[in-house]
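Chain letters run A, B, ... following the sequence lines, proteins first, then strands; residues in each count from 1.
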2 protein chains.
Amino acid sequence: MSSISRRSTIVEVARLAGASKTSVSRYFGEERDRLSPSLQARIAHAAGTLGYQPNQMARGLKGGRSKLIGMLVADIRNPFSVAITHGVEQACRQYGYSLVVCNTDNDPEQERQHLDLLGAYQVEGLVVNASGNPERQLHTFISLGTPIVLLDREVDHVEAEVVGLDNHLAIDMALKYLAGQGYQAVLYVSEAPEQSSTRQRRLSRFHQAAEQRGLHNATLLLAAPNGTAAQQTLSDFLAAHQQHACAVLCGNGTATLAVTRLFQQLGLTLGKVGLMGIDELDWCALVSPGITTLAQPTDAISKTAVECLMHRIAPHTSAMPTTVSFAPSLIERGSTQR
Amino acid sequence: MSSISRRSTIVEVARLAGASKTSVSRYFGEERDRLSPSLQARIAHAAGTLGYQPNQMARGLKGGRSKLIGMLVADIRNPFSVAITHGVEQACRQYGYSLVVCNTDNDPEQERQHLDLLGAYQVEGLVVNASGNPERQLHTFISLGTPIVLLDREVDHVEAEVVGLDNHLAIDMALKYLAGQGYQAVLYVSEAPEQSSTRQRRLSRFHQAAEQRGLHNATLLLAAPNGTAAQQTLSDFLAAHQQHACAVLCGNGTATLAVTRLFQQLGLTLGKVGLMGIDELDWCALVSPGITTLAQPTDAISKTAVECLMHRIAPHTSAMPTTVSFAPSLIERGSTQR
DNA sequence: GCTCAAAATGGAACCGATACCATTACTTTA
DNA sequence: TAAAGTAATGGTATCGGTTCCATTTTGAGC
């Protein structure tokens, strides 16, 4: 019944085709054209009957060509990350690479472990959405010649392409829009910035830009999701600015989710108190009257990230931009209609 | 500057430690104990200074121990899949395995390609959430002795563990609950069943159980997400059962999302027309008055799937159950309160 | 102190491919 | 026609480990 057979190897194909290992190897590699049509046919037939498939492990060993791309994701459950991962995988496949996705759950220790692991599998490129600051290990990759692309978040002292949203612009767009809608006081809600350059950047730009526009402003950092501190901060903010039209701007999808819950708990009316979020989510249209968002072009971001990588994997290595930033698009809904 | 160095190898460590390849190999393998403490120390030190890390590609070659698990996901963007993937990855890591996730976007052709690929990487086990019916290839794995676990969906003629929700029970729970809430007519909404055994099973059980309970019932299969056909079907259903309390039961998260949109388009009031979904989603609590759901125990499901795999990877191969089904848990919200 | 088994270590073949360097058979070109 | 180039193919070392078997140490038992 379950007669544990083995996967057939290149030698078996060679024997059956009456050819040499080398020829078979050529057939499955880049040099198929160098083989005469008759030899090609014989090999194709032999491989077909045997159900042969080259062993990637063995391939990777000699040439270092694992055909593997590694990806580090800070939080796979975040919708933005899901979209990005999906895009990166697709793009990789188009280039003939497979993707190994590692989720770090925002834990620097796991991040380190995963990086070691990806190294052990000889990935040919790395897409990193960092949790911490794995300088050391990224430098190892760099000195090994493995291209790295930083996705959404930068890592201190690591020079590599950074692909992501134009955070500066995003905040500006949001504030401009909110101000235009007549809101005079804005509370910015973000998860704790910690190591995330993106969160830091959005946060600091918010401060700056809000001041420039003469908006009343404050920020709320989400700590433990269960804490009642957030609720307190929000109602305090509203109380302090009773005489002004208030709005809340959320730094990412998680924040939007948390704040929407808060609104509900406090019985706030969307629109009367404005609400706007960075990152478009499935349900933003459903919570009536809809939540206004700045959508990130996730497909473009992931496609670009992979392109950068491929560009540098090929012995092409021309100079490349250090940063590629995309503009978000505004999706207007009822939550910012007073 | 970027002096492309190489990763250090076992020979270098051996030389530096004044030991043999074999000993170093033992040190990093299962046989560390067989080495004297002093040798262990020397090797540890040498490996440390060189930053050595065994090359998994090479390892996989000889023993076939790639330490890789492959996972096939039908739709990575589905929240249920995200949760499962997250769980599977965690579980794998606990067992010292890495996970290669392949998304098939519900396309049988991509599924085939990905399976070939995973084979080429010598994965030691496979978690399959199938899109089509890749019998042929799964049998290849089976005859090669690679354990397979089917997740959520069965595949015809492939004998392997099936881990997932108890669909029969889930439908029964839903209908019992809806009936208990006083709904007399229920519309079941599902994505096209096609190859998904789960969708098929839920659908047919729905029919059966609804009849048994004497509920008026009908089903709506979501086709193109843009079609207006769905809207028509829903309003027809409501019109046809004006004299009864109507509810909609959604077969999965995607359906819930689609139907919630329909409710909004048609201006239906949640509760007055009941709404209930299988799969818990982030936002179900937010669309007031909240959407009642049957939550799947995603962590348990993924953990179990990996356990099955590990159980059979180890030369342990005792008999195992063919199917492990979990009960969902009911999360009651306003959408089923008349 | 000597024998013998067990523990510790090393040597070399091997896993399944790739890649460099032949070799052979034809064409061109001078 | 000889020299030289090119296309088609094969031989073999090699990648970085693991594993089996051989060898050397060590220690227990008498």
Under 4.0 Å from OP1 or OP2 of [N]: is there any side-chain N or O of [X] that close?
X	N	value
A:Y52	C:dA17	yes
B:R59	D:dT18	yes
A:S20	D:dG10	yes
A:S23	D:dG10	yes
B:S25	D:dT18	yes
A:T9	C:dC15	no
A:R65	D:dC15	no

Does [X] get its side chain close enough to the base of [N], under 3.5 Å, for a donor-acceptor pair?
X	N	result
B:T22	D:dT19	yes
B:R7	D:dG16	no
A:R26	C:dT18	no
B:K21	D:dG17	yes

Taking the side chain as every heavy atom from C-beta outward, state whether A:E307 and A:Y95 have any atom pair closer than 4.5 Å. yes
I want to check something: taking the side chain as every heavy atom from C-beta on, are A:L115 and A:L126 in contact at a cut-off of under 4.5 Å? yes
Just jot down the side chain to side chain donor-acceptor pair (under 3.5 Å) partners of A:R34, sequence neighbours excluded, or say none.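 Expected list: A:E31.
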Protein-nucleotide distance ([X], atom [atom1]; [N], atom [atom2]), rounded to Å:
X	N	atom1	atom2	value
B:M57	D:dG16	CE	P	13 Å
B:Y27	C:dT9	OH	P	13 Å
A:I10	C:dC14	CD1	P	18 Å
B:Q56	D:dG16	CD	C1'	12 Å
B:Y121	C:dG16	OH	P	17 Å
A:K62	C:dC20	NZ	C1'	8 Å

Tell me yes or no: between the side chains of B:D105 and A:H86, is some donor less than 3.5 Å from an acceptor? yes
For A:K303, I'd like to know if atom NZ has over 12 heavy atoms of other residues, nucleotides or ligands within 6.0 Å. no
